[in-house]
Amino acid sequence: GKFGDSIQANDRILQTVERNGLRLLRQVNHLLRIGKPHETLESEPLAIGLLLQRMVQEFSPIARDRGITLFLRSDSPQVIRLPAEDFEAVVMNLISNALKFTEAGGSVTVDTALADDGALHITIDDTGIGIDKSEQDAVFLRYHHGHGVTDQAQSGLGLPLVKSIMEGLGGSVLLAS
């Protein structure tokens, strides 16, 4: 029909819009959990490498538009049991922050490794502006905004959310700048 061809032609775009809308809803739900005892979400087997590849691909247009090179370098395990929503929220927030504070010509690298004890280590390394030593503890406090950062949209909730999720999973977040 009149609209059928255009809808079919844009099916991939519509799927992306739907997926991003659902992701936003999950992020709102995660934000509502900050500071509350960790609700146990259903763990499921996750193909970490494939999931990271999809997330990096979703951020690739943003990186490209900003003149930033986004890499995925991973020797991730085939499958690990985690709550998918939590894993996605953590990685998406960290990649988003890295891109937000990296200037054109810079790079962001996502890397994973499985430690000898079976722990999954995820590293988001960027060539961004960095975080002053005096600010490093404060970035994990709700509503904190870094000094001198005025041109970026910030809620001050991304890193506290990451920390809350990781602690709820028995993990941790380490910051090196």
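Below, all heavy atoms of this structure are taken into account, side chains as well, without hydrogens, waters or symmetry copies.
Remark: R64 pairs with no residue by the salt bridge (charged side-chain N to carboxylate O under 4.0 Å, His left out) rule, at least two apart or across chains. Contacts of Q57 classified as side-chain hydrogen bond (donor to acceptor under 3.5 Å, both in side chains), with partners at least two apart in sequence or in another chain: none. Remark: E44 engages L46, A84 in a side chain to side chain contact (heavy atoms under 4.5 Å, CB included) (not counting sequence neighbours). For E103, the salt bridge (charged side-chain N to carboxylate O under 4.0 Å, His left out) criterion is met by no residue, not counting sequence neighbours.
At distances below 3.5 Å, at least one donor-acceptor pair connects side-chain atoms of T102 with backbone N or O atoms of A98. A donor-acceptor contact shorter than 3.5 Å links the side chain of R81 to the backbone of S43.
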Give the C-alpha distance, both sets of side-chain angles, the deciding distance and a yes or no for side-chain contact (heavy atoms from CB on, under 4.5 Å) between Q53 and L50. CA-CA 5 Å; Q53 186 177 35; L50 294 174; 3.8 Å; yes
Could you go through the side-chain contact (heavy atoms from CB on, under 4.5 Å) check for V91 and I95 one step at a time? CA-CA 6 Å; V91 174; I95 293 173; 3.7 Å; yes
With side-chain contact (heavy atoms from CB on, under 4.5 Å) as the test, would you mind laying out the steps for L51 and F87 before giving the verdict? CA-CA 9 Å; L51 193 53; F87 179 77; 3.3 Å; yes
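A continuous path of hydrophobic side-chain contacts links L175 to V108 [ILVMFWY only; heavy atoms under 4.5 Å]. L72 is connected to I62 through a chain of hydrophobic side-chain contacts under 4.5 Å among Ile, Leu, Val, Met, Phe, Trp and Tyr, so both are in one cluster.
The side-chain heavy atoms of N93 and N97, taken from C-beta on, include no pair separated by under 4.5 Å. F59 is listed as a side-chain neighbour of L99, based on a closest heavy-atom distance under 4.5 Å. Side-chain contact check for V162 versus L94: some heavy-atom pair is nearer than 4.5 Å.
Considering OG1 of T112 and CD1 of I80, their distance stands at 9.5 Å, rounded to 0.5 Å. Atom CZ of F71 is separated from atom OG of S60 by 11.0 Å, given to the nearest 0.5 angstrom. Rounding to the nearest 0.5 Å gives a distance of 5.0 Å between OG1 of T109 and CZ of R73. Remark: L70 CG to E58 CD distance equals 11.5 Å, nearest 0.5 Å.
Minimum interatomic distance between V79 and P45 (heavy atoms only, all atoms of both residues): CG1-CB, 3.4 Å. Minimum heavy-atom separation, S107 to I68: CA-CG2, 4.0 Å.
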Indicate every side-chain donor-acceptor pair of residues 116-125 with a distance under 3.5 Å to a residue at least two apart or in another chain.
residue : atom : partner : partner atom : Å
D117    : OD1  : A119    : N            : 2.9

